[in-house]
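Please see the structure below; I have some questions.
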Amino acid sequence: MKSSQTTAKTNSAARLGQRSVMSRLVLGCVLLAGLATSVGCFVPIYSSRPERRVQQLLYTSEDLRSLVDEWERFWFLDSPSHMTPIRTHGGVL
């Protein structure tokens with residue numbers, strides 16, 4: 001009888017330990033995700049000098065603007081259209 005009680009206590013302690021490790025792992029992942037998304041708050045991305053910050057912001061906006069051009073060029077969306085500006089019905093006029 002004592003061995004079954006000891007086994008039950010051991011099993012419940014093992015499950016409790018697994019839950020503790022799992023909860024710590026989940027909490028750690030949540031904290032890591034929270035810190036990773038707010039890096040700009042702890043580590044400033046741009047300079048504190050206004051002249052330098054404006055230059056950095058201009059470079060960043062130009063990079064984002066060129067990203068759209070690259071995307072369109074990759075998917076061949078920047079090629080000219082060969083459709084006529086006036087739609088025709090295809091018959092003889």
Side-chain angles (χ1 to χ4, degrees):
M1 177 122 171
K2 279 191 170 184
S3 65
S4 65
Q5 288 176 349
T6 306
T7 306
K9 286 181 181 179
T10 305
N11 287 341
S12 66
R15 274 190 248 129
L16 183 62
Q18 288 174 349
R19 285 183 191 163
S20 175
V21 169
M22 246 351 224
S23 64
R24 285 182 183 175
L25 183 64
V26 168
L27 182 63
C29 289
V30 168
L31 288 175
L32 183 66
L35 286 175
T37 58
S38 65
V39 169
C41 296
F42 295 112
V43 179
I45 299 172
Y46 302 113
S47 175
S48 61
R49 289 186 12 226
E51 303 87 17
R52 180 78 176 129
R53 185 171 54 243
V54 167
Q55 185 182 25
Q56 290 171 339
L57 288 170
L58 284 173
Y59 288 158
T60 302
S61 67
E62 287 296 321
D63 288 343
L64 294 176
R65 190 176 302 135
S66 67
L67 179 70
V68 174
D69 294 337
E70 288 293 325
W71 182 262
E72 289 179 352
R73 193 172 303 125
F74 178 79
W75 290 109
F76 299 112
L77 299 175
D78 64 339
S79 59
S81 175
H82 298 289
M83 294 173 30
T84 59
I86 301 171
R87 303 282 176 157
T88 58
H89 60 78
V92 178
L93 292 175

By the rule that ILVMFWY residues connect when side-chain heavy atoms come within less than 4.5 angstrom, directly or transitively, which residues belong alongside Phe74? Trp71, Trp75, Leu77
What residues join Phe76 in its hydrophobic cluster, counting side-chain heavy atom gaps under 4.5 Å, either direct or through other members?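 When side chains under 4.5 Å apart are linked, Phe76 ends up in no cluster with other residues.
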Please report, to 0.1 Å, the donor-acceptor pairs under 3.5 Å made by any side chain of residues 56-65, with sequence neighbours excluded.
{"residue": "Gln56", "atom": "OE1", "partner": "Ser47", "partner atom": "N", "Å": "2.8"}
{"residue": "Tyr59", "atom": "OH", "partner": "Gln55", "partner atom": "NE2", "Å": "3.0"}
{"residue": "Thr60", "atom": "OG1", "partner": "Gln56", "partner atom": "O", "Å": "2.9"}
{"residue": "Ser61", "atom": "OG", "partner": "Leu57", "partner atom": "O", "Å": "3.4"}
{"residue": "Ser61", "atom": "OG", "partner": "Leu58", "partner atom": "O", "Å": "2.9"}
{"residue": "Glu62", "atom": "OE1", "partner": "Arg65", "partner atom": "NH1", "Å": "3.4"}
{"residue": "Glu62", "atom": "OE2", "partner": "Arg65", "partner atom": "NH1", "Å": "2.5"}

With sequence neighbours left out, what residues match Glu51 under salt bridge (charged side-chain N to carboxylate O under 4.0 Å, His left out)?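 Per chain and number, Glu51 pairs via salt bridge (charged side-chain N to carboxylate O under 4.0 Å, His left out) with no residue.
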Considering only Ile, Leu, Val, Met, Phe, Trp and Tyr, and joining two whenever side-chain heavy atoms are under 4.5 Å apart, list the other residues clustered with Leu25. Met22
